[in-house]
Protein chains: 2
Amino acid sequence: MATRAIHEAESRGRLSRERVLDAAMTKADTAGLEAVTMRQLAESLHVAPMALYRHVANKDDLVDAMVDVVFGEIGVPSGGGDWKSAMRRRAIAVRDALARHRWAIGLMESRRTPGPANLRHHDAVIGRLRAAGFSIAMAAHAYSALDSYIYGFALTKLNLPFGASDDVGDVAEQMLRPFPIKDYPNLVEFISEHVMQPGYEYGDEFEYGLDLILDALDQTVAPGSETSSDRLPER
Amino acid sequence: MATRAIHEAESRGRLSRERVLDAAMTKADTAGLEAVTMRQLAESLHVAPMALYRHVANKDDLVDAMVDVVFGEIGVPSGGGDWKSAMRRRAIAVRDALARHRWAIGLMESRRTPGPANLRHHDAVIGRLRAAGFSIAMAAHAYSALDSYIYGFALTKLNLPFGASDDVGDVAEQMLRPFPIKDYPNLVEFISEHVMQPGYEYGDEFEYGLDLILDALDQTVAPGSETSSDRLPER
DNA sequence: CTCCGCTGTGTACGCTGTACACCGTAGCGA
DNA sequence: TCGCTACGGTGTACAGCGTACACAGCGGAG
């Protein structure tokens, strides 16, 4: 009884898949995905490592579930407006979710076993495009182009690192330091004249490319006209 | 002496950074990046694990070098033609390199310490755009949009798995099996009417989106005209 | 009251990256 | 020719990983 009481006090009740998932998300968000080990996760839940296996099949199952939580947060493209603004809002929702959960980038589309939120999301986006008059093939084109861009942007932004609040110029300069500057004149100009300028924010590039693609799709799908509600040529 | 002779016969001479790198690339290409462990790598070189550390600082250094080899294979956009076809060729070269080295996807832009081939590549691409009359800001827009798309496509293609020669339809159907079909009508239609059709190849989507972006950039950079050789508006 | 089943535990195995001390040899200066 | 040094390869060891397996304690059903 004493043991039980103490244990309850420490862990605020029994373990559950949801509590495991919550702890994993928090840990990943704050300490990175590499900090999400079964052992560390168990420790932060005040539980033995093997206890987790009563609630997740294995680590892959856990990661699958985490990714599905992110899809859940993204939700589905909300009702109003034309397809273009719906897709624009969705793109930004995805970007924002990936900004909150940087560890999910590169995992979102890579799971061999998509969860329900994942499927619901894809279903809704395709549905939205079809309702706007996209043929199946054209919806595939649009979805592929948009998703590639969105995930790719997140990926390159995550990477080429400019980590959040680091001074971008410092990082860039540091990457170049070991090399003779004269070998990379365009890169040097690019960094000193653009990246290091005050007010530069790589994240701002996102909407430029996004609108580029959305406008191009719009032109393809409704060349000349401005409202589209019928099946239109694929290519 | 006997020992030495045997050892030489097995390993075809001394170890070197290059031999380590070659073995690592081969292993990653054939068995995936997760098979590239210091121990397995050492074994395939007939050498003790710790021997590798005389030639690479640590595993991160090794992976950095592997990524730079991929950039080396991509090369720089070759001379002739307008910027659009140069960028198109580059995009396809990147896609092909990533197809040869699937493990590199997600690593290409993520290394905090880019190698010389990486920098040379970026320098050349920026240089090509600048030479075609792109302002610095416009070059940034174009580069960001293109790279996001290219890497994102590789990422989503790698992922949503349809692994190479698997039957795409089978995989898709299998992903849906655990769920009630009626919950995802658009997805079901999409898969059965499009993805499962004979001749469908997701990889074909790449050039559609690529040309969409290239044409859109072209229109932005030279609205109306068909040859561009001067600085033009950023946005 | 007894028993079953569920949940959490402890131990153990094989794998990972890599620190550290060691040793044989090749190549050099004397 | 000798002796030394520096370098490349080895063996051992440690901490940390995912997880298989046998077990224990408790709650609820019969």
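Just the heavy atoms: all of them, side chains too, but no hydrogens, waters or symmetry mates, feed the values below. Below, chains carry the letters A, B, ... as their sequence lines are ordered, and counting in each starts from 1.
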Report task. For B:R17, enumerate each residue passing the side chain to side chain donor-acceptor pair (under 3.5 Å) test, keeping only those at least two apart in sequence or located in another chain. Result -> B:D61
**Report entry** B:D29: side chain to side chain donor-acceptor pair (under 3.5 Å) partners, not counting sequence neighbours
**Finding:** B:H101, B:W103
Report summary line: Sorted by chain and residue number, the salt bridge (charged side-chain N to carboxylate O under 4.0 Å, His left out) partners of A:E193 (sequence neighbours excluded) come out as none
Query raised in the report: Considering residues at least two apart in sequence or located in another chain, which fulfil the salt bridge (charged side-chain N to carboxylate O under 4.0 Å, His left out) criterion with B:E43?
Result: none
Query raised in the report: Is B:H55 near enough to D:dG9 that one of its side-chain N or O atoms lies under 4.0 angstrom from OP1 or OP2?
Result: yes
Report task. Step through it carefully: locate the ring centre of A:F153, locate the ring centre of B:Y151, and say whether they are under 6.0 Å apart. Result -> no
d([atom1], [X]; [atom2], [N]) in whole Å:
{"X": "B:E43", "N": "D:dT10", "atom1": "CD", "atom2": "P", "result": "13 Å"}
{"X": "B:D61", "N": "C:dG17", "atom1": "CG", "atom2": "P", "result": "14 Å"}
{"X": "B:L52", "N": "C:dT18", "atom1": "CG", "atom2": "P", "result": "11 Å"}
{"X": "A:L41", "N": "C:dG8", "atom1": "CG", "atom2": "P", "result": "13 Å"}
{"X": "B:L45", "N": "D:dG8", "atom1": "CG", "atom2": "P", "result": "16 Å"}

Query raised in the report: What residues, two or more places apart in sequence or in another chain, satisfy ring pair (Phe, Tyr, Trp, His ring centres under 6.0 Å) together with A:Y143?
Result: A:H122
Requested in this report: Encode nucleotides 18-25 of chain D as B, S and - characters from 5' to 3', where the letter depends on protein heavy atoms closer than 4.0 Å: B to the base, S only to sugar-phosphate, - to neither.
Outcome: BBBBBB--
Report task. Pull out every residue in residues 24-34 of chain A that has a heavy atom closer than 4.0 Å to any atom of DNA chain C, ordered by number, or say none. Result -> none
Query raised in the report: side-chain contact (heavy atoms from CB on, under 4.5 Å) with A:T113: which residues, sequence neighbours excluded?
Result: A:D64
**Report entry** side chain to side chain donor-acceptor pair (under 3.5 Å) contacts touching residues 30-40 of chain B (sequence neighbours left out)
**Finding:** none
